[in-house]
A.B. asks: 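For reference, the structure I am asking about is given below.
Counting starts at 1 for both ligands and their atoms, in listed order.
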Amino acid sequence: MAVFDQSDQRREQASPDAAARHVPVMANRVIDLLAPGVEAARQQQRQPILVDATLGMGGHTELMLNRFHDVVVIGVDRDTQALALAAERLVAFGSRFIAFHGTYDQIAEALAAAGVSAADGYLFDLGVSSYQLDERDRGFAYSYDAPLDMRMDPTARFSAANVVNDYDPKRLEHIIRRYGEEKFARRIATAITERRKTQPFTNTGDLVNVIRSAVPVAAGRSGGHPAKRTFQALRIEVNEELDILRGALPAAMAGLHIGGRMVVMSYHSLEDRITKKAFQQEATSLTPPGFPVELEEYAPVVEILTRGTEKPTEEEIAQNPRAASAKVRAIVKIRPTRSNG
Ligand SMILES: C[S@@+](CC[C@H](N)C(=O)[O-])C[C@H]1O[C@@H](n2cnc3c(N)ncnc32)[C@H](O)[C@@H]1O
């Protein structure tokens, strides 16, 4: 994983109009939350550095570069196709945009790409992009028949076919229940393991049919598409989404300058719970209860800026249905990271 060079990517794999398809969610609010971090860097006469940890189609990054004329944005994505398209979209910004191929827990490496050891703001806009869902061959969408893939990083080895065909039934049930919050996890895992005895799965269409047959018809009518939760679970497992997020949030908070800000946009409760916990951990004093004074080395490192979570307006949801489940949390760094945490 390294600084991304466009020539690394076979460009013809991605459709060129894709950059326009992903509408950045809560764009103005995200930029407003990051703005004081940029201002703090200016006050200290440093060049402000922002990290877009989930570059995607570069929509949020483009807004950052336009709104803050002096920032450098490091754009991280594990998806080489997305990086290539975003890099093309952002070419006019020259050296103010640095693309980094890797996972967003590789904070130190991403910062090193810009020759710095901390940033003034981070944005995490979690999950899949509309581009990834629309590119049928990637296998993220249950609505098209495609290879059983779901790798966010097309250079990775492990795909949804490995999970569906190789996991033992208990493990399969566990991930469908845990990551999909699917109450019919046992039925679905049993149906999958029965069917693969005669023929391994290669395509999403086959999998959708097996899931559909395992879920009671009435449940399918009320709970959305019957494969929705299983597909979410497989995507999270294939891409190790939650483990990487758990490692990334503390690393990003440690890699913030004082006054710097971090914004996380989640799309399901599992991501949001991890974010809430990571923020609370750093926002809580570790001074022993009953101790008469706050000990500096135990004092909170961040302050939470959002009350609960912020959500998009009805108007935004009407224009961009993908925004419907977005929840935003944000913090500001107020003290150096604790060595005793
Ligand atoms: C919701 S999209 C971001 C869209 C972006 N904000 C925009 O305006 O175009 C999420 C992106 O994060 C990337 N991603 C997801 N998990 C990642 C991880 N662990 N490390 C790096 N990138 C990741 C995905 O490949 C996807 O391109």
A.B. asks: Using heavy atoms and a 4.0 Å limit, tell me yes or no: is Arg322 in contact with ligand 1?
C.D. replies: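 The answer is yes, since Arg322 has a heavy atom less than 4.0 Å from ligand 1.
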
A.B. asks: Counting only heavy atoms, tell me which of Asn239, Asp52, Thr54, Asp77 gets closest to atom 26 (C) of ligand 1.
C.D. replies: Asp77

A.B. asks: Return yes when Leu55 approaches ligand 1 closer than 4.0 angstrom through a heavy atom, no otherwise.
C.D. replies: yes

A.B. asks: Tell me which protein heavy atom sits closest to atom 22 (N) of ligand 1, plus the residue, atom name and distance to 0.1 Å.
C.D. replies: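 Of every protein heavy atom, Arg78 N, 3.3 Å lies nearest to atom 22 (N) of ligand 1.
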
A.B. asks: Give the intermediate values and the outcome of salt bridge (Lys or Arg N to Asp or Glu O under 4.0 Å) for residues Glu296 and Arg335.
C.D. replies: CA-CA 9 Å; Glu296 188 57 24; Arg335 279 195 192 80; 3.1 Å; yes

A.B. asks: Just distances here: any N/O of Ser129 and N/O of ligand 1 closer than 3.5 Å?
C.D. replies: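 There is no such contact.
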
A.B. asks: Could you tell me if the ring centre of Phe140 sits under 6.0 Å from that of Phe231?
C.D. replies: no

A.B. asks: Which of the atoms in ligand 1, numbered in the order shown and given with their element, are less than 4.0 Å from a heavy-atom of Gly127?
C.D. replies: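 Near Gly127, the atoms of ligand 1 are 10 (C), 11 (C), 12 (O), 15 (C), 24 (C), 26 (C).
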
A.B. asks: Which ligand 1 atoms, with their elements, are less than 4.0 angstrom from a heavy-atom of Ile244?
C.D. replies: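 In order of numbering, the contacting atoms are 19 (N).
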
A.B. asks: Between Arg171 and Asp168, is there a side-chain N and carboxylate O pair less than 4.0 Å apart?
C.D. replies: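 Not counted as a salt bridge, because no side-chain N and carboxylate O are separated by less than 4.0 Å.
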
A.B. asks: Counting each atom of ligand 1 from 1 as listed, which ones have a heavy atom of Asp79 under 4.0 Å away?
C.D. replies: 25 (O)

A.B. asks: Do side-chain atoms of Arg96 reach the backbone of Leu65 as a donor and acceptor pair under 3.5 angstrom?
C.D. replies: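 Yes: the side chain of Arg96 pairs with the backbone of Leu65.
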
A.B. asks: Which ligand 1 atoms, with their elements, are less than 4.0 angstrom from a heavy-atom of Gly102?
C.D. replies: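 Those of ligand 1 that fall under 4.0 Å from Gly102 are 20 (N), 21 (C).
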
A.B. asks: Could you tell me which atoms of ligand 1, counted from 1 in the order shown, lie closer than 4.0 angstrom to a heavy atom of Val128?
C.D. replies: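 Within the 4.0 Å cut-off of Val128, ligand 1 contributes 1 (C).
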
A.B. asks: For Asp166, is the CG atom crowded, meaning more than 12 foreign heavy atoms sit under 6.0 Å from it?
C.D. replies: yes

A.B. asks: Specify the closest pair of heavy atoms between Gly121 and Leu256, including all atoms of both residues, with the distance to one decimal.
C.D. replies: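 That closest heavy-atom pairing would be N-CD2, 3.8 Å.
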
A.B. asks: Is a side-chain N or O of Thr54 found less than 3.5 angstrom from the main chain of Asp125, in a donor-acceptor match?
C.D. replies: yes

A.B. asks: List the closest protein heavy-atom neighbour of atom 14 (N) of ligand 1: residue, atom name, distance to the nearest 0.1 Å.
C.D. replies: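 Its nearest protein heavy-atom neighbour is Met152 SD, 4.0 Å.
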
A.B. asks: Among protein heavy atoms, which lies nearest atom 20 (N) of ligand 1, and at what distance?
C.D. replies: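 Among all protein heavy atoms, the one nearest atom 20 (N) of ligand 1 is Tyr104 N, 2.9 Å.
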
A.B. asks: Is Val25 close enough to touch ligand 1? Criterion: a residue heavy atom under 4.0 Å from a ligand atom.
C.D. replies: no

A.B. asks: Is there a donor-acceptor pair closer than 3.5 Å between any side-chain N or O of Lys311 and the backbone N or O of Val328?
C.D. replies: no

A.B. asks: Quick test: of every protein heavy atom, which one is nearest to atom 9 (O) of ligand 1, and how far off is it to 0.1 Å?
C.D. replies: Met57 N, 3.0 Å

A.B. asks: Can a salt bridge be assigned to the pair Glu173 and Lys170 using a cut-off of 4.0 Å between side-chain N and carboxylate O?
C.D. replies: yes

A.B. asks: List ligand 1 atoms under 4.0 Å from Leu126, heavy atoms only on the residue side.
C.D. replies: 1 (C)

A.B. asks: Looking at Gly59, which atoms of ligand 1 are within less than 4.0 Å of one of its heavy atoms?
C.D. replies: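 Those of ligand 1 that fall under 4.0 Å from Gly59 are 7 (C), 8 (O), 9 (O).
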
A.B. asks: Under 4.0 Å, heavy-atom basis, I'd like to know which part of Glu241 is in contact with ligand 1: side chain, backbone, both or neither.
C.D. replies: neither

A.B. asks: Under a 4.0 Å threshold between the charged nitrogen and the carboxylate oxygen, would Asp120 count as salt-bridged to Arg46?
C.D. replies: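 Salt bridge present between Arg46 and Asp120.
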
A.B. asks: Between Lys333 and His257, is there a side-chain heavy-atom distance shorter than 4.5 Å?
C.D. replies: no

A.B. asks: Is Gln106 near ligand 1, meaning one of its heavy atoms is under 4.0 Å from it?
C.D. replies: no

